[in-house]
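All remarks here apply to the structure that follows.
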Amino acid sequence: MFQIYNSMTRKKEIFKPVEENKVSIYTCGPTVYSNAHVGNFSSFLMADLLVRYLKFKGYQVKWVMNITDVGHLTDDNELTDSGEDKMEAASRRENRTVWEIARHYEDLFMKDLKTLKFMPAFKYPRATEHIEEMIEIAKALEDKGVVYETSDGIYFDISKFPEYGKLSGNTIDALQAGARVDVNEDKKSPFDFAVWKKIGGKNLNHAMKWDSPWGTGFPGWHLECSAMSRKYLGETIDFHTGGEDNKFPHHESEIAQSETANGKKFVNYWMHKSRVVVNNEKMSKSLGNFFTVSDLTEKGFSPEAIRFTFISAHYRSKLNFTEEQILESQKTIDKFNDFIQEVMKSEVSEGSTQVLSIIKSSKQQFIKGMDDDLNVSAALAALFGFIKPVRKNINSGSFNQKDKEEVIKFLKEIDSIFSVFSFEEKKGKSFSEEEKRMIENLIEQRNICRKEKNWSEADRIRDELNKMGVEVVDKK
RNA sequence: GGCGACGUAGCCAAGUGGUAAGGCAGAAGUCUGCAAAACUUCCAUUCACCAGUUCAAAUCUGGUCGUCGCCUCCA
């Protein structure tokens, strides 16, 4: 039984899909106006882990991650609609059209997804290709009388949605009281949000624009997720994931729009990824203290280690991201990979052994951990506890062909979730006849040196062999 | 000011009422000329602090201190 912490109720809940055996997952994806950083990916990896685990559990998973390629606002206040569109700003900065910016950073993003071994989603819909669907929702909202028009756009009147704030724990009253934002005079409440923005005023030169019943303009930020999740996943979806900073106002606003337009519950389970910090400092684009995936791979860290670092930290606790963490992840991965090699190269015996029951109990323990709100720590403990007794069986020669196959099969199942192990059997490098003769010669010389206790010469030969790619391990 | 999360060994970290998983690092040992790997053993009388509830609390309640996030771009 899979339990998940629902940010809406702030409780762990037993997962029940809308449709039996099927799961729909919507992930708030990147805004493609610059390089995505590992903070972004840590959030997407939470979704990837969820997707992969539910597949492991046998569900048919439909995962959608949007690409936000129409800008929302930059350094100023989204609620009062000051500030500049991010895509437009990037366009000016890089002297490219907004469309070039969008496609360029989307390409980079897709490459990074591949590098980090993401499960491909069912669809990565672009906001700009769903303007019609957004307008449809905006019209529905208009029909229900929850929006009003101002000189610069169409706004959702949050007083028409009394539950506004239920996700972030705010109430409309509390929001008003704690307001730190300047009031936009045209708006009834500072927390009313734009559904559609008109071209004009400081948006006069907005490059991305479309026709709508309210004139030429562009959609409000929150609308795209309401539109695209409905189109691809339906009116009520199982999971909606994103960073915790998206709770307010983004997800609140999505809820208000979708639930008003559809007259149905929007999302059954909300999952929010805690922030990644670097050296205990907030990591953000504005502070500039972030790493991209290529920053890290260029430093020599493996994609697997980067992936594992984010996956192995629980998604609801803050992760203090450091290079030490990545190195430790690499060690853990190496440990499993060494074990896999050992299993693949092991000699098999006849007769019955304990191995199958070890697999069974480890698997149960693993599932128990993952079933509990993706408790990877507990699940990993099960795997560490698995290696030891199996290795014992291998070393004592109590390991049959079936065991060997089942151990590999089990680890491959696990890796369908983690996707960090390597199952390629490391074959010895192939050498030419001449090289082989040379190597044998060196080994013989070294053995003579060892017999004569000429250790320095023996070690020198060992170094030389290592350089040729020959691993030398002495046994008694 | 409003909303929320959290504080477990040197580090990472699990554990929501029954007496502290696991990993890394460290120590000792087996093996070994050395090294690597593997294996064995050790490594929190204690869970930020103070009260309280209880036969029993890291776990529940109240308070104190501290850290972090959201409320303004960010996943």
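All chains are named by letter (A, B, ...) in the order of the sequence lines, taking the proteins before the strands, and each is independently numbered beginning at 1. Here the structure is a predicted model, which is why all the values come from computation and not from measurement. Heavy atoms only: backbone and side chains are in, while hydrogens, waters and symmetry mates are out.
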Round to a whole Å and report the spacing from [atom1] of [X] to [atom2] of [N].
| X | N | atom1 | atom2 | result |
| --- | --- | --- | --- | --- |
| A:M271 | B:rA5 | CE | P | 17 Å |
| A:F308 | B:rC24 | CZ | P | 11 Å |
| A:L167 | B:rA5 | CG | P | 12 Å |
| A:D338 | B:rC39 | CG | P | 11 Å |
| A:D245 | B:rC71 | CG | P | 7 Å |
| A:F191 | B:rG2 | CZ | P | 15 Å |
| A:F248 | B:rU72 | CZ | C1' | 11 Å |

Practice problem: Could you run through nucleotides 11-22 of chain B and give me one letter per nucleotide, 5' to 3': B if any protein heavy atom sits under 4.0 Å from the base, S if only the sugar-phosphate is that close, - if neither? | Solution: -SSSS-----BS
Quiz item: Reckon A:R446 touches a base, only the sugar-phosphate, or nothing at all at heavy-atom distances under 4.0 Å?
Solution: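 Base contact.
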Practice problem: May I ask you to say what A:R462 touches in the nucleic acid, namely base, sugar-phosphate or nothing, with a heavy-atom cut-off under 4.0 Å? | Solution: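 Here A:R462 touches the bases of the nucleic acid.
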Practice problem: For B:rA9 versus B:rA5, give the span between their C1' atoms, rounded off to a whole number of Å. | Solution: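 Straight-line distance between the two C1' atoms is 23 Å.
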Quiz item: Any luck finding a side-chain donor-acceptor pair between A:H104 and A:D107 under 3.5 Å?
Solution: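 Side-chain D/A pair, A:H104 to A:D107: absent.
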Exercise. Please check if any side-chain donor atom of A:S456 sits under 3.5 Å from a side-chain acceptor atom of A:D459, or the reverse.
Key: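 Short answer, no.
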Quiz item: Quick one, which residues of residues 93-122 of chain A touch RNA chain B with a heavy atom under 4.0 Å?
Solution: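 The stretch gives none, as no residue of it lies under 4.0 Å from the strand.
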Exercise. If a pair satisfies salt bridge (Lys or Arg N to Asp or Glu O under 4.0 Å) and one of its residues is in residues 358-382 of chain A, list it, with sequence neighbours excluded.
Key: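 Listed by first then second residue: A:K12-A:D372, A:K57-A:D371, A:R316-A:D373, A:K363-A:E413.
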